[in-house]
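Working notes, beginning with the structure itself.
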Amino acid sequence: MTPPPGLPARVRVTRPPLPLAPPLKAAAARLCPQAPQDALTAAALAIAGGAVIGAALRWAEGGSLAVETGWRGRGIEEALEEAVGRGL
């Protein structure tokens, strides 16, 4: 899969099915601890080298977006927002 324009070549953004599989749920909880993992209505994850480096999560009352420090400012935040839908 070719990454969207502007993303680093080794980063991909995916919208996994809900509920998240246990390893993805753990990674999302690490990045967005305030998100109610069992009440998600949408999720997008950024993956690099097999590791989750960013997450955009949405639930009925709100949303959250987080990207690991070393990956910020590379267009990942924007790609996650677009994948999960605007309004986070």
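Each residue takes its place number in the sequence, starting with 1.
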Indicate the atoms forming the closest heavy-atom contact of Trp71 with Ile76, along with that distance. O-CD1, 3.6 Å

Listed pairs under 3.5 Å, donor-acceptor, residues 40-51 side chains, sequence neighbours left out:
residue	atom	partner	partner atom	Å
Thr41	OG1	Arg58	O	3.2

Could you tell me which non-hydrogen atom of Ala55 sits nearest to which non-hydrogen atom of Cys32, and how far apart they are? O-SG, 4.0 Å

Which heavy atom of Val67 sits nearest a heavy atom of Arg72, and at what distance? O-NE, 2.8 Å

How long is the gap from NZ on Lys25 to CG on Asp38, to the nearest 0.5 Å? 3.5 Å

Under 3.5 Å, which donor-acceptor pairs do the side chains of residues 13-22 form with other protein atoms, sequence neighbours left out?
residue	atom	partner	partner atom	Å
Arg15	NH1	Ala83	O	3.2

Ala35 to Trp59 - nearest heavy-atom pair and separation: CB-CZ3, 3.5 Å

Where Gln37 and Leu57 come nearest, the two heavy atoms and their spacing: NE2-CD1, 3.8 Å

